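For reference, the structure is listed below as structure tokens.
These numbers were taken from a predicted model, which means no experiment stands behind them.
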Amino acid sequence: MKKFKKIAIAVALLGSASAFAQTTDYSAYYNPSWYIAPSVNVSKSDDTFGVDHNGSGGGLRFGKAISPTWDLQFGPTFSRSSNNGRTYEQTTLGADALYMFSRNRFRPFVLMGAGVQQDKVRSPGLNDSSTSPYINAGLGFQYSFTDRFAFQADVRRVHGFLRDNAFNSKRSNNDYVTASLIYYFDRPAPRQVTRVVAEPAPVIIAAPAPVPAPMPAPAPAPRFERITLSATELFAFDSATLRMPQPKLDAIADALSGSSGSDNLTITGYTDRLGSDQYNQKLSQERADAVKAYLAGKGINASRMNAQGKGESNPVVQCSQKNRAALIQCLEPNRRVEVEQITIERRVQ
């Protein structure tokens with residue numbers, strides 16, 4: 001029993017350590033795909049079955065996130081322990097409901113469930129078995145490594161309602177510590193198409209020089225126009241491939257070609273907070289690189305440009321909708337590509 005308690009404490013400490021180590025915001029990390037979770041377990045049975053020794057076994061669970069706060073898991077588990085020539089086996093088949101306290105990368109939960117258990121005890125001259133209903137409850141956590149793989153650990157008590165007198169008791173209480181590797185069959189839904197905010201180009205024109213009298217009027221003074229340009233509607237849905245044609249980028253390329261004073265042009269890609277940090281960072285960088293490559297293809301020296309992806313950082317809006325479609329719509333301003341303001345001065349005669 002002491003060994004079992006140590007294992008349970010270790011699982012709890014592991015969960016706490018993962019929570020403190022989590023520094024990246026994975027809010028609304030919600031994958032509704034079906035998943036499979038093979039597992040291993042350590043068990044401790046009560047005195048009902050006459051085997052005072054820790055057991056071990058495994059199981060296979062199928063699961064699905066049915067809402068932002070609930071997971072459903074079902075499948076079989078098996079555990080066996082032996083002591084002094086006596087062997088005890090328990091097989092369960094049931095379903096569990098997991099209440100998830102968050103959908104971040106680290107996801108603590110409590111669980112409750114029910115099903116059918118089969119208990120067998122064998123020793124020289126003895127072979128008893130019984131099939132009975134059970135309920136169970138426990139707590140645990142999931143930790144996501146990628147958008148397809150996660151780890152789950154939990155501690156639970158299985159309370160059986162024994163249906164006959166094979167074990168001289170009306171109930172049983174077995175404790176389990178279980179560790180599982182989760183594999184999602186599908187990736188999360190693709191992101192909403194990114195749109196780029198465009199700003200009109202302000203034009204500032206210097207006033208003509210005053211005409212002194214009585215001297216003849218001089219030639220008109222040169223005028224200067226300052227143009228600020230940015231890109232818009234660059235990409236197709238969930239893609240880093242530029243739409244064609246791109247008149248806004250062509251205008252930027254023409255302006256840069258006519259001015260040698262606009263260097264260190266910064267092109268920055270952003271995403272919203274949905275999905276994994278790795279995916280968002282990669283997508284934002286690929287889109288910034290695509291804009292840079294297009295301008296370079298128009299004859300702009302690549303050394304004058306710097307492309308960078310900043311993933312889900314620097315959000316324009318903050319949203320907390322529970323409905324996924326409403327959340328995606330609210331977060332739309334955060335999905336953007338920004339071209340740092342370009343100041344171009346050219347003489348107009």
Is any side-chain heavy atom of [X] closer than 4.5 Å to a side-chain heavy atom of [Y]?
{"X": "Tyr134", "Y": "Gln90", "result": "no"}
{"X": "Leu327", "Y": "Arg273", "result": "yes"}
{"X": "Gln308", "Y": "Thr266", "result": "yes"}
{"X": "Leu295", "Y": "Ile267", "result": "yes"}
{"X": "Leu242", "Y": "Leu249", "result": "yes"}
{"X": "Asp119", "Y": "Thr48", "result": "no"}
{"X": "Leu162", "Y": "Lys170", "result": "no"}
{"X": "Gln152", "Y": "Asp71", "result": "no"}

Test ring-ring contact (aromatic ring centres under 6.0 Å, His included) applied to [X] - qualifying residues, sequence neighbours left out:
{"X": "Phe109", "value": "none"}
{"X": "Phe145", "value": "Tyr143"}
{"X": "Tyr88", "value": "Phe49"}

Using the test side-chain contact (heavy atoms from CB on, under 4.5 Å), find all partners of [X] that sit at least two apart in sequence or belong to another chain.
{"X": "Tyr183", "answer": "Ile36, Arg148, Phe149, Phe185"}
{"X": "Pro315", "answer": "Gln318, Asn334"}
{"X": "Gln118", "answer": "Lys120, Thr131"}

[X] side chain to [Y] main-chain N or O, any donor-acceptor pair under 3.5 Å?
{"X": "Arg103", "Y": "Pro68", "answer": "yes"}
{"X": "Arg122", "Y": "Asn127", "answer": "no"}
{"X": "Ser284", "Y": "Gly311", "answer": "yes"}

Nearest 0.5 Å, please: how far is [atom2] in [Y] from [atom1] in [X]?
{"X": "Arg105", "Y": "Ser276", "atom1": "CZ", "atom2": "OG", "value": "8.0 Å"}
{"X": "Ser79", "Y": "Asp175", "atom1": "OG", "atom2": "CG", "value": "11.0 Å"}
{"X": "Ser313", "Y": "Asp277", "atom1": "OG", "atom2": "CG", "value": "9.0 Å"}
{"X": "Lys44", "Y": "Ser81", "atom1": "NZ", "atom2": "OG", "value": "8.0 Å"}
{"X": "Leu98", "Y": "Asp154", "atom1": "CG", "atom2": "CG", "value": "7.5 Å"}
{"X": "Arg324", "Y": "Ser67", "atom1": "CZ", "atom2": "OG", "value": "13.5 Å"}

Exercise. Under 4.5 Å between side-chain heavy atoms, hopping through other hydrophobics if needed: is there a path connecting Tyr294 to Met305?
Worked result: yes
Taking all atoms of both residues into account, what is the closest heavy-atom pair of [X] and [Y], and its distance?
{"X": "Ser144", "Y": "Ala150", "result": "CA-CB, 3.9 Å"}
{"X": "Pro108", "Y": "Ser102", "result": "CD-OG, 4.1 Å"}
{"X": "Gln281", "Y": "Lys310", "result": "OE1-C, 3.8 Å"}
{"X": "Ala114", "Y": "Asn136", "result": "N-ND2, 4.2 Å"}
{"X": "Asn41", "Y": "Phe78", "result": "ND2-O, 3.3 Å"}
{"X": "Asp46", "Y": "Asn173", "result": "OD2-N, 2.7 Å"}

If you link ILVMFWY side chains whenever their heavy atoms are less than 4.5 Å apart, which other residues fall into the same cluster as [X]? By chain and number, please.
{"X": "Ile135", "value": "Phe161"}
{"X": "Trp70", "value": "Ile66, Leu72, Tyr99, Phe101, Val110, Leu139"}
{"X": "Val40", "value": "none"}

Exercise. Going through the distances and angles, do Lys282 and Glu286 end up as a side-chain contact (heavy atoms from CB on, under 4.5 Å)?
Worked result: CA-CA 6 Å; Lys282 180 174 180 292; Glu286 288 176 348; 2.6 Å; yes
Partners meeting salt bridge (Lys or Arg N to Asp or Glu O under 4.0 Å) with [X] (sequence neighbours left out):
{"X": "Lys298", "answer": "Asp250"}
{"X": "Asp96", "answer": "Arg61, Arg156"}
{"X": "Lys64", "answer": "none"}

Exercise. In this structure, are over 12 heavy atoms from other groups packed under 6.0 Å from Asp47 atom CG?
Worked result: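 At most 12 heavy atoms, drawn from other residues, nucleotides or ligands, come within 6.0 Å of this atom.
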For this session: Determine, step by step, whether Gln73 and Leu111 satisfy the side-chain contact (heavy atoms from CB on, under 4.5 Å) criterion, reporting the C-alpha distance in whole Å, the side-chain angles of both residues, the deciding distance to 0.1 Å, and the verdict.
Result: CA-CA 10 Å; Gln73 295 181 353; Leu111 67 87; over 6 Å; no
For this session: Give the C-alpha distance, both sets of side-chain angles, the deciding distance and a yes or no for side-chain contact (heavy atoms from CB on, under 4.5 Å) between Ser43 and Tyr176.
Result: CA-CA 4 Å; Ser43 63; Tyr176 283 82; 3.7 Å; yes
Problem set entry | Pair Ser132, Gln117: side-chain N/O donor-acceptor within cut-off below 3.5 Å | no
For this session: Decide yes or no on side-chain contact (heavy atoms from CB on, under 4.5 Å) for Gln278 and Thr146, but give the supporting numbers first.
Result: CA-CA 8 Å; Gln278 295 90 340; Thr146 69; over 6 Å; no
